[in-house]
Structure formats: C-alpha cells, structure tokens
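This report refers to the structure that appears directly beneath it.
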Protein chains: 2
Amino acid sequence: MVAPALRRPITADEQRRAERCARGLVIVIDDDAEILAALHALIELEGYACETYASALAYLRALQDGRGRFPGPRCLLCDVKLPELDGLELQRRLATLDDTPVLLMSGASGAPEAVSAFRAGALDFLIKPLDDETLFAAVGRALAASAARQREQARRRDLAARLATLTEREREVARRVARGERNQDIAAALGIALRTVKRHRQQAMHKLGAATLVDLVHLLDAAQGPGTQTL
Amino acid sequence: MVAPALRRPITADEQRRAERCARGLVIVIDDDAEILAALHALIELEGYACETYASALAYLRALQDGRGRFPGPRCLLCDVKLPELDGLELQRRLATLDDTPVLLMSGASGAPEAVSAFRAGALDFLIKPLDDETLFAAVGRALAASAARQREQARRRDLAARLATLTEREREVARRVARGERNQDIAAALGIALRTVKRHRQQAMHKLGAATLVDLVHLLDAAQGPGTQTL
DNA sequence: CCGTCTATTGCACCAAAGGGCCAACAAAGG
DNA sequence: CCTTTGTTGGCCCTTTGGTGCAATAGACGG
C-alpha cells in the first residue's frame with residue numbers, strides 16, 4: 001500500500017539503523033547523569049535505540065526542532081522528580097502534543113506520585129532502583145503500545161488520503177451506500193438520476209479500492225469510527 | 001428488544017429500588033468497622049446503594065451465594081490491607097470471575113502497592129484519609145465504566161441469542177455473505193444450489209432482524225469482533 | 001473563443017439479488 | 001406412523017446493481 005519505491009541499494013549503516021528502528025527507541029529523561037549513562041548503556045545493550053535528556057525542557061526543545069523524527073515505535077522513560085519541569089507535568093503537556101507512551105520512574109516516592117502518574121495516563125510507574133527485568137517488561141509493553149498506535153495512525157492516514165481523492169458527491173453517495181441506502185433512494189434524496197448515483201458509487205469504490213459493498217462498509221466504518229468525525 | 005413484559009403495577013418500594021439501581025451499587029470492603037460504617041452512610045447519602053463487608057472472604061462468600069444479584073452498575077471499593085485475603089489478591093481473583101471495576105484504597109501505603117494495584121487493573125487507587133470529592137469522582141467513573149461494560153455485555157448477549165436461533169447452515173451462509181462473498185460463490189463453495197443459498201441468506205437476515213446487507217455486516221462484526229470467537 | 005475535464009444524464013443490456021410456489025428427503029419427536 | 005424441522009433443489013419473475021456508449025452543460029486554462 002504505502003511502500004515507498006526503493007531506488008538504491010541499502011547500505012550497511014542503514015541496515016543497522018533499520019534494525020534499531022524496528023526494535024524501538026527509548027527516550028530517557030533524568031537529572032542524574034550517572035543514572036542517565038547507565039540506562040543508556042543498558043538499553044542499547046538490550047538492542048533498543050536510546051536518546052537521553054537531562055531535563056524535560058531539553059526534551060521539549062528537541063521535540064520543537066523535530067528534525068529527523070525517529071521512525072518506529074518509541075516510548076518515554078522519565079523520572080518524576082525533575083528540576084524545572086515535573087515528570088507529571090511533562091506527561092500532561094505531552095498528552096496533547098504527542099501520543100508516545102510514557103513510563104514514569106521515581107526513587108522512593110510515595111503512593112500519591114504513583115497514583116497521579118497513572119491517572120494522568122502513564123503506562124507504568126517504575127520504582128528505583130530499577131530492576132532490569134521489570135524495566136524491560138515495561139519498555140516492551142510501552143513500545144508495543146506505541147507500535148500499535150502508529151499502525152493505527154498509518155492505517156487511518158492512508159484511508160483519509162484515499163477518501164480525500166473522492167469528490168464531494170462521491171463521498172456523499174459512498175456514505176449513504178455504506179449506511180444501507182439503495183441507489184434509488186440515494187438518487188431521490190440527492191435529487192439526481194439513478195445513473196449518476198451508480199457512477200459515483202462505482203467511482204468511489206474504485207478509488208477506495210473496495211471490491212465489494214462489504215469492503216466499502218468496513219472502510220467507511222474504520223474511517224469515521226475511532227474519533228475522527230470526518231466525512 | 002429485550003423488554004420484559006410488565007404484568008403488574010410497580011410498587012413504591014420497587015420504584016425506590018429501581019432508582020437506586022440506576023445510580024449504582026458501591027460494595028465496600030474494609031476491616032475497620034468504623035470506616036465501613038462511615039463510608040456506608042456517606043455513600044447512601046450520595047444516593048448510591050451500598051453493601052459492606054468486613055473482609056474479602058466475606059464478600060467472596062456473598063458472591064458464591066449469588067442470590068438476587070444487584071442489577072445495574074456496580075463497583076468495588078476495597079482496602080488494600082486486609083486480613084486473610086489481600087485487596088490486591090482479591091482483585092486478581094475477581095478479574096477472572098467478574099468484571100466489576102475495582103477501586104482500591106489504602107492508608108499511607110507506599111508507591112509499590114499503588115503500582116501493583118494499577119498493574120492489576122484497578123481503576124483508581126485512593127489514599128486515606130478519603131477526600132469526599134475524590135472518592136465520588138472515582139466512584140462515578142467506576143460506575144460509568146461498569147454501566148458501559150454491562151451495556152456492551154447485554155448487547156452481545158442479545159446478539160448471541162439471535163445468532164443461536166440460526167441453524168448451522170444459515171450461520172455459515174451468513175458469515176460468508178458478511179465477508180463479501182456472492183451467493184453464487186457461496187453455493188459453489190458449499191456445493192449446494194444457488195436457490196438454497198438464497199433461502200439460507202434470507203432466513204438468516206430475517207432471524208437476525210437485518211433489513212439490509214449492511215446491517216448484517218455490522219451485526220456479525222459486532223458479534224465476533226470483541227473477543228468472542230463464536231461463529 | 002476553443003479544447004478539455006468533470007459532473008450529469010439517458011438508454012440498453014447483462015448479472016446478481018430477492019422472493020413466491022412447489023416439492024423431495026432425512027432426522028428427530030410424538 | 002405421522003408431523004415437524006432442516007436442508008436441499010427447480011422454475012420463474014421482479015428489482016437492484018454494474019457497465020458500456022453517447023450526449024449535454026458548466027468550469028478552467030490557454
């Protein structure tokens with residue numbers, strides 16, 4: 001579907017990069033340089049890509065620049081107690097910008113922090129000192145969630161793109177068809193000829209790559225179902 | 001759809017019960033009798049039905065008896081630290097039996113308990129002393145979740161019941177129809193005559209109350225989509 | 001102003017779906 | 001033994017959907 005044409009051979013460098021992307025990126029934010037270094041080493045050793053930031057602001061700045069965004073699943077592993085910007089606060093801000101899953105961690109903090117973290121949507125809350133097994137279990141879940149979200153987004157984008165190639169009339173007809181209306185009724189409702197409805201219907205199904213009515217129904221359901229009230 | 005016939009007038013008593021059911025039931029489990037009494041009063045004052053248990057085992061026993069299960073949304077408000085059976089352990093056991101949303105609470109416990117609670121699927125974790133506002137916010141969310149689950153279950157049960165009235169052949173044909181296969185192809189695939197496929201198809205749509213193909217598709221998608229691999 | 005493109009429509013034809021009427025056959029139950 | 005139910009099938013007719021061909025009208029760029 002969305003396969004970009006491969007024009008040149010893949011270099012070994014790109015090969016390695018691709019492997020890392022597939023595994024995923026872990027973005028670590030902690031104000032303790034020692035921990036940062038240790039986590040960086042540990043995470044790369046496990047085969048994930050890893051970026052580290054000493055503060056939430058540093059990460060946000062990097063996000064602003066936005067150059068060369070990492071392709072593939074990603075997650076955030078962020079300390080709760082940070083200077084300037086709190087881990088919880090960072091999470092709240094990210095929730096509106098980004099849908100990267102967030103793992104929060106903290107040393108010997110109380111229940112309230114953990115509760116706040118989960119209420120704010122953190123995927124997990126890790127207590128320092130970090131246990132390798134627990135850490136990577138959480139990272140695995142987070143990256144899996146990220147991958148799922150990205151697949152879902154890609155699917156929706158692809159669908160939206162195909163929907164965008166339809167003309168207004170075609171979309172309208174397709175929508176009604178997918179709601180179970182008959183060609184005749186659609187023609188009457190839109191005040192156009194039966195033949196015209198048939199044409200739009202065919203055209204729409206062709207553009208959307210729907211071989212059967214059932215496919216059309218599924219496509220349109222998927223397009224407008226989860227949130228997006230387009231169409 | 002599933003409206004039971006009303007045979008006799010509704011008594012005032014039933015009326016009050018119905019009102020409570022609509023608001024929801026909060027099941028409180030705590031080993032501190034004082035807290036139990038206070039919560040009971042507070043919750044009933046807020047207009048919810050309330051059952052209290054002094055231990056997790058007592059609640060499980062009540063579940064076993066199972067007589068007169070409360071109709072309507074329900075949630076569990078359970079202390080983490082309990083004699084005999086731990087709140088977290090109770091939650092784990094309930095997860096397999098019941099889908100009642102669980103709110104855990106605890107006095108001055110550490111982050112690990114809170115984290116375990118959320119990981120085990122608790123909807124929220126309340127820290128004693130309980131703040132009225134926080135409590136009822138959580139209860140409201142839990143009961144809303146419960147109501148949503150019950151609606152979903154009812155919908156699926158209704159659908160399953162209707163599907164059960166289909167004969168094997170009718171189900172098979174309906175499934176293929178909903179996958180976009182044409183009558184002819186279905187006939188060929190099943191090695192039967194076209195006329196027979198049409199009959200089964202008609203019969204199935206009639207039994208399922210599907211006026212159009214689109215309705216059929218939606219019904220079967222809903223039936224098998226979320227988990228249940230029936231059909 | 002002209003050629004082109006798109007949306008629209010009519011006409012004709014074929015394929016597929018919907019359905020009425022009738023009937024055979026087997027298994028399950030009374 | 002008879003009835004009911006599930007499954008199967010044939011014949012025939014109507015409605016709906018799917019397409020090809022041709023034509024008209026408005027929009028747009030040159």
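Letters A, B, ... are given to chains in the order of the sequence lines, protein chains preceding strands, and every chain is numbered from 1. Source: prediction; values computed, not measured.
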Item to complete: Mind calculating the distance between CG (B:L166) and P (D:dT5) to the nearest angstrom?
Response: 16 Å
Item to complete: Measure from CZ on A:R169 to P on D:dG26 and round the result to the nearest Å.
Response: 16 Å
Discussion item. Checking A:F136 now: which residues fulfil ring-ring contact (aromatic ring centres under 6.0 Å, His included) with it, not counting sequence neighbours?
Written reply: none
Worksheet item: Which heavy atom in B:L77 sits nearest to a heavy atom in B:L135, and how many Å separate them?
Response: CD2-CD1, 3.7 Å
Discussion item. Any carboxylate oxygen within less than 4.0 angstrom of a Lys/Arg side-chain nitrogen, looking at B:E152 and B:R149?
Written reply: no
Worksheet item: Can a salt bridge be assigned to the pair B:R169 and B:E172 using a cut-off of 4.0 Å between side-chain N and carboxylate O?
Response: no
Worksheet entry | Interface with DNA chain C, restricted to residues 198-213 of chain B and to heavy atoms under 4.0 Å | B:K198, B:R199, B:R201, B:Q202
Worksheet item: Where along residues 180-195 of chain A does a heavy atom come under 4.0 Å from DNA chain C, residue by residue in number order?
Response: A:I192, A:A193, A:R195
Interatomic distance, [X] atom [atom1] to [Y] atom [atom2] [nearest 0.5 angstrom]:
| X | Y | atom1 | atom2 | result |
| --- | --- | --- | --- | --- |
| B:L82 | B:L57 | CG | CG | 9.5 Å |
| A:R162 | A:R157 | CZ | CZ | 13.5 Å |
| A:L94 | A:T100 | CG | OG1 | 7.0 Å |
| B:R23 | B:I43 | CZ | CD1 | 11.5 Å |
| A:H218 | B:H218 | NE2 | NE2 | 7.0 Å |

Worksheet, complete the sentence: DNA chain C: first to last nucleotide in contact with chain A (atom under 4.0 angstrom from a heavy atom), 5' to 3', is C:dA7 to C:dC11
Worksheet item: By side chain to side chain donor-acceptor pair (under 3.5 Å), which residues pair with B:Q202, not counting sequence neighbours?
Response: none
Practice prompt. Please report how far the helix from C:dC1-D:dG30 to C:dG30-D:dC1 bends, comparing the axis fitted to its first five pairs with the axis fitted to its last five, to the nearest 10 degrees.
Written response: 30°
Discussion item. What contact category does B:T167 fall into here, base, sugar-phosphate, or nothing, at under 4.0 angstrom with non-hydrogen atoms?
Written reply: sugar-phosphate
Worksheet item: Of B:L213, B:V214, B:D215, which meets side chain to side chain contact (heavy atoms under 4.5 Å, CB included) against B:V217?
Response: B:L213
